[in-house]
Each structure stands twice: as structure tokens, then as C-alpha cells.
Colleague: 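Following this message is one structure expressed as C-alpha cells.
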Amino acid sequence: MMARERRHTHATAAGLALLLLFILTLPAMAARKKKQPVQQAQPVQLVVLSENDAKRFNYFFLEAVRQQQLSNYAAAYDLYNHCLDINPTSPEVYSALSDFHSALDDKQGMIDCMRRAAELCPDNDTYLEKLGEAYLRTHDYDSAIGVYEELQAHNPTRTDVLNTLVQLYNWRPDYPKAIEALNRIEAIEGSNEDLTFYKMQFYAQLGDKKREYNELRNLMRQHPYDYNYRVMLGNWLLKNGKKKDALAEYNAVLKKEPSNIMARMSILDYYKAEHLDTLAKEQTIQLLLNPATEQDSKMLLIRQFVADSENDPSIDSTQVLNLFRKMLDMPQPNARMAEVNAAYMVMKKMPQDSIEKALERVLEIEPSNINARYDLLDAAYRKKDLDRVVQLAKPGTEYNPDNIIFYYFLGVAYYQKDDHDSALETFRKGVGQTGENSNKNIISDFYSIMGDILHEKGLKEEAFAAYDSCLVWKADNIGCLNNYAYYLSIIDRDLTKAEQMSYRTVKAEPKNSTYLDTYAWILFRQQRYQEAKVYIDQALANDSTVSAVIIEHAGDIYMMAGEEEKAMEFWRKALEKGEEQNAILEEKIKLRKYIDNPSNQ
């Protein structure tokens, strides 16, 4: 791993950054086009307008500009062409028409118009530059070179033009000319690190190691007190196989500046190149525990250290964890190192409580960390530690108010703790955060539980509205379909709709005793007693706990189906099994007939 080299900011940084991007992205070419000679523009005989024609031309040209500004492009285009009828040698009209061809993606038309404008007014650098840009857009780099060379001849001090020429010479490739252009930039703006490195890259392409080395050596001499340049020289030497010379440069820097992190990073590269594993390991640990080492470098180092530890029997997990502990005892700029520590514990299958402590450390550093909070919540919910779920989820809704998962955990925890008011409030806040990209299953569950709570509060209409919203988000929310259908059936409302919803739950889970009971009960309310018997028998067969409610429903169904003794048997079992007094059931047994519960009305 080579040490990260420092960069200074200079006036040419933006242009040279574009240059580097250009150098790195242009594809290598097996064969280059031969340089085409630039055609010399022939003298153009300009049309001399009469006073009247000049007035007409000015009027129509200004009107074309006005129409263009009003976005009336068709009218503007016609007016510009009319201007050419009056004066076919007007460069400003050709320049304006070039923009229209560009907008229509007519590349040849764009170039023809701009070439004509430049021919008509060869001293106008604006037209010349616009022609050069047109050639760049069409990837006609040979033609572009001629235009930009002419433009640079007109403006010797324009470094932006020189930067473009460097890119074009690199494409050709013509490295000597690229270096010459960089030297011109250097003469105008002064030397700087970026220019040096670009020239070094071109010398490397030419195989001129001596000049490549001298460029870096000169930069170092120009900045004798900036030891990072000397480290860069060492890096160059290491890269080119001169390992001992590189080490001498690094040690010279550390003698002058012992805390120089860049030099220490480079020495680490040297140790690795020489396979000095013990020294590399010691140097890595020193860098990781050095507060001056940048965070990005530390992340690279720790990941490499962990990877190496998996193949190095001399490094066990306790050493790695101890190193993490020491690093995390230091002030942290963010939670990245703590996250890697937790991930390492998971990878090594550490005890769950240790992993949770590591995740808590992540939250200490970065309370808004979604992943760590979610993992802790998931662990607490699995352990049914509802108080812990509330403790974690509530601040989650504050740090990440647009993340609905925290409202879900918090609302469910409140609901299971029988704090239905808090649950309802939480779910209402949660649905207020929904958007197009929200998890439809979670939002659907929000509304489903809200419906259950509202129904328990006796707010039937509000409950049914919540159930409808639930099914909008997820039409096959089975729990909602079951509850919605049952609550409709006990008040004899929309029984056809209830039967259709309940049937979907039975099809989805044919051995779920609760869903079978609901469907049997709806059939009962529809007076389809024989069909109801089939499904209530299945509900009883699949009910491992033999619910008192289901047994009572069986008695009701059998009674209305005409099997009185069987019904009485079910009712008596339900009475024996029920934990609370059931006055209606007792009355049924006493009168030996079905009695509807008044609360269902």
C-alpha cells in the first residue's frame, strides 16, 4: 500500500483535475490518426450592405434574438435564415444558427455553421473557441488541436487553452508537446505540485526516468522544509525498485520530523515490499494508535490488519479486539471504527452481549446511526425485552424521524405492553412519515394495529377506516383481513365482503384455527349452518389449545344446525374452560337455545 500523497491547492487545480480525468479515461488506441494539416482559411469577401439593407438586417436580427429569448424557437430560426438572405456573410448569424443545430443534435450542421463564422471573422476568439468546443463535442480531436493552437497563438497567456491542448496532445499522443504546454503554464503561473506530477507522468510514458526523477527532485528542492515532497521522492524510488534509497529518504524525513505520518505509511509499504511481516505488523499498530493518522488511512490499515490476522497464526482474535479497544479509547471523529469493531465481533461469532456492547459504543459516538440502533432493537425484541425496545426506539424516532422502522418497533412495544394510547399515538406519527418509497408491509401493519386499538376503544368506524387504509397498502395483509372480517360479522354488516376477506385468510393458511373459526362464524351469521359446521370442525381439529371461544362458537353452530345434544356438549366444555364468567353462555345452557350477544348489535 503506497502512502497517500498530499496535494496543495493552486489556481490551476480545477483545470489540471480535468486533465487527469481526461488522461485516465481516454481509451488506448492501437493506431492513431495521422495529424491532418490545418487548412488555412481563405480570404472571405464580405457583403457590403446598403443603408436600407443594413437597417433591415438589424431589425430582423434583433427580432430573431427576441423570439429566441421568448422560447419561440421556430420563429427565431426562420428569422435568422432570413437575415442570411439579406447578408450571407454575417458571422453572428452563423454562430446563432450553430446553437440551433446543436440543440437538434445535428453535429455536422453545428460544425459547418461555426466553421463558417470563424472564417468570416478570423480575429474573433469567441467564434474560434466555440468552433473548438464543437470539434471536442464531436470527438474530432485532430481538428480541435488546430483550432486551439491558433487560439493559443492569439492568447499566449490563457492557461485554460493550454490545459485543453495538454489533454489533446495526450490523446494523440504527443507527449513532448504536452510537456511543452505544461512548461508554458508553469512559466505563466509558477511551478506547483500538480504540474510536476503531470509532467512526470508524461516523462514516464516516454520512458525518460531521468527527467521524471529530476522533476520530483526539483520540486523537493523548491520546498526544502516540506518533508512530504521528500517522502514522495522515496515513494518514486520504491516504485522503481530502488528500495534502499527509498528507505534512506524515509528515515531522513523521520530524523527531521519523527511524527510525519506520510513517511511512516511509506515505511510500512517498504516493509511489505520486503516481506518484513513482523516490522509491518508493528508499524501498522503504531499508525493505528497514532492520533495524527487520518481516519481514512486508519480504516484501510485496520481492514488490512484484520484480513492478515485471518491467515497469520501469530495474531488471534483477542489481539485484534484489544487493538480495537485501544483505538476506541481515543476520541473518534465518527463511528466508522466502532462499526468495524462490531462487524468483526459478528464475524468471529462473539457472544451476543459483547456484540451488543460494541453496538452501544457505536450509538455513543453516533446516536443517529441507523444500522447499530436497528440491530440492538432487533436483539431486544427477540428477547421480548419490551422496556429495552422502547428505550432504543424512542430516541430513534427523534434522531431519524423519517425512518418508519423505529415507529414500528416503538408502537408494537407499547401495544404489547398494553399501553394502547401511546401505541396509537406512535403509529399515527409513523404513518405521517410515509412516502412513495416507504415499506408497504410496515405501513400496512401500522394501520392494522391501529384498527385493532380503535376497535377495542369502541371506535368502530375509525377502526374500519384504518383497516381499509391497511389493505390499500397491502391487499393481502392476512391478520387485518381476519380481524376486519370478524368485526364486521359480529355486527352483521357487509357479510358478503366479510366472507370474501375471511376466505382469503383460510386459503392462505388452511390450518390456522383462528382464521377457520372466523370463516365458520361468518357462515353462521349468513345462516349457512351446514357449511359453518365443516369449518368449525376444522378449527377445533387444528386448535392445539382448544380455545373456549372456538368451542362456544361450535356449540352455537351445532345448535342452529339442529344438533342440540352436540351443541350442549360444546357449550358445557366452553363454560368449564372459560376463565371468566360468561352469563350469556350460562343462559344458553339453561334455556337450551342460541342467544345472540347484545354487545354484537
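Since the structure is predicted, the reported quantities are computational estimates derived from the model, not experimental observations. Heavy atoms only: backbone and side chains are in, while hydrogens, waters and symmetry mates are out.
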Colleague: If we ignore angles and hydrogens, is there a donor and acceptor under 3.5 Å between the side chains of Asn542 and Asn512?
Modeller: no
Colleague: Ignoring hydrogens and geometry beyond distance, is a side-chain donor-acceptor pair present between Tyr141 and His139 at under 3.5 Å?
Modeller: yes
Colleague: Whether the Tyr381 and Gln416 side chains hold a donor-acceptor pair (N or O, under 3.5 Å, no angle test) is what I'd like checked.
Modeller: yes
Colleague: Indicate whether the side chain of Gln222 and that of Ser191 have a donor and an acceptor atom separated by less than 3.5 Å.
Modeller: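 Ser191 and Gln222 do have a side-chain donor-acceptor pair below 3.5 Å.
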Colleague: Is a donor from one side chain sitting under 3.5 angstrom from an acceptor on the other, for Tyr213 and Asn240?
Modeller: no
Colleague: Looking just at side-chain N and O atoms, do Lys199 and Asn183 make a donor-acceptor pair shorter than 3.5 Å?
Modeller: yes
Colleague: Side chains of Asn290 and Gln286: is there a donor and an acceptor less than 3.5 Å apart?
Modeller: no
Colleague: Roughly how far apart are Ile285 CD1 and Leu301 CG, rounded to 0.5 Å?
Modeller: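 So the CD1 of Ile285 and the CG of Leu301 are separated by 11.0 Å.
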Colleague: Flag the pair Asp308 and Lys281 as a salt bridge only when some basic side-chain nitrogen lies within less than 4.0 angstrom of an acidic carboxylate oxygen.
Modeller: no
Colleague: Would Arg158 and Glu129 pass as an ion pair if we require N to O under 4.0 Å?
Modeller: yes
Colleague: For the pair Lys474 and Asp476, find out whether any cationic side-chain nitrogen is under 4.0 Å from an anionic carboxylate oxygen.
Modeller: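 So Lys474 pairs with Asp476 through a salt bridge.
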Colleague: Verify whether one side chain among Gln352 and Glu356 offers a donor that lies under 3.5 Å from an acceptor in the other.
Modeller: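 Looking only at side-chain atoms, Glu356 and Gln352 do form a donor-acceptor pair, the distance falling under 3.5 Å.
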Colleague: Would you say Gln295 and Asn334 are linked by a side-chain donor-acceptor pair, where the criterion is simply a distance under 3.5 Å?
Modeller: yes
Colleague: Side chains of Glu193 and Tyr229: do they bring a donor and an acceptor to under 3.5 Å?
Modeller: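 Result is yes, a qualifying pair exists.
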Colleague: Hey, does the side chain of Thr518 reach the backbone of Thr514 with a donor-acceptor pair shorter than 3.5 angstrom?
Modeller: yes
Colleague: So, using side chain to side chain donor-acceptor pair (under 3.5 Å) as the criterion, who are the partners of Asp543 when residues are at least two apart?
Modeller: Thr545
Colleague: May I ask you to check whether Asp312 and Ser314 show a side-chain donor-acceptor distance below 3.5 Å?
Modeller: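 The answer is yes; a qualifying pair exists.
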Colleague: Can you list the steps and then say if Lys107 with Asp105 is a salt bridge (Lys or Arg N to Asp or Glu O under 4.0 Å)?
Modeller: CA-CA 6 Å; Lys107 295 182 175 62; Asp105 201 30; 2.8 Å; yes
Colleague: What I want to check is whether the side chains of Asn477 and Ser444 have a donor and an acceptor closer together than 3.5 Å.
Modeller: yes
Colleague: Any salt bridge linking Arg388 with Glu360? Criterion: basic side-chain nitrogen under 4.0 Å from a carboxylate oxygen.
Modeller: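 The answer is yes: the pair qualifies as a salt bridge.
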Colleague: Drop me the distance from Asp385's CG to Leu392's CG, to the nearest 0.5 angstrom.
Modeller: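 Rounded to the nearest 0.5 Å, the CG-CG separation comes to 9.0 Å.
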Colleague: Any salt bridge linking Glu310 with Lys348? Criterion: basic side-chain nitrogen under 4.0 Å from a carboxylate oxygen.
Modeller: yes
Colleague: Should Arg172 and Asp142 count as an ion pair when the cut-off is N to O under 4.0 Å?
Modeller: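 Result for this pair is yes, salt bridge flagged.
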Colleague: Would you call Arg373 and Glu366 a salt bridge, using N to O less than 4.0 angstrom?
Modeller: no
Colleague: Is Arg361 salt-bridged to Glu364, cutoff N-O under 4.0 Å?
Modeller: yes
Colleague: Using only heavy-atom distances, determine whether the side chains of Tyr271 and Asp277 contain a donor-acceptor pair under 3.5 Å.
Modeller: no
Colleague: Applying ring pair (Phe, Tyr, Trp, His ring centres under 6.0 Å), run through Tyr415 and His420 and close with a yes or a no.
Modeller: CA-CA 5 Å; Tyr415 184 65; His420 291 178; 4.8 Å; yes
Colleague: Do Arg325 and Asn322 have side-chain atoms, one donor and one acceptor, less than 3.5 Å apart?
Modeller: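 Per modelled atom types, Arg325 and Asn322 side chains form a pair under 3.5 Å.
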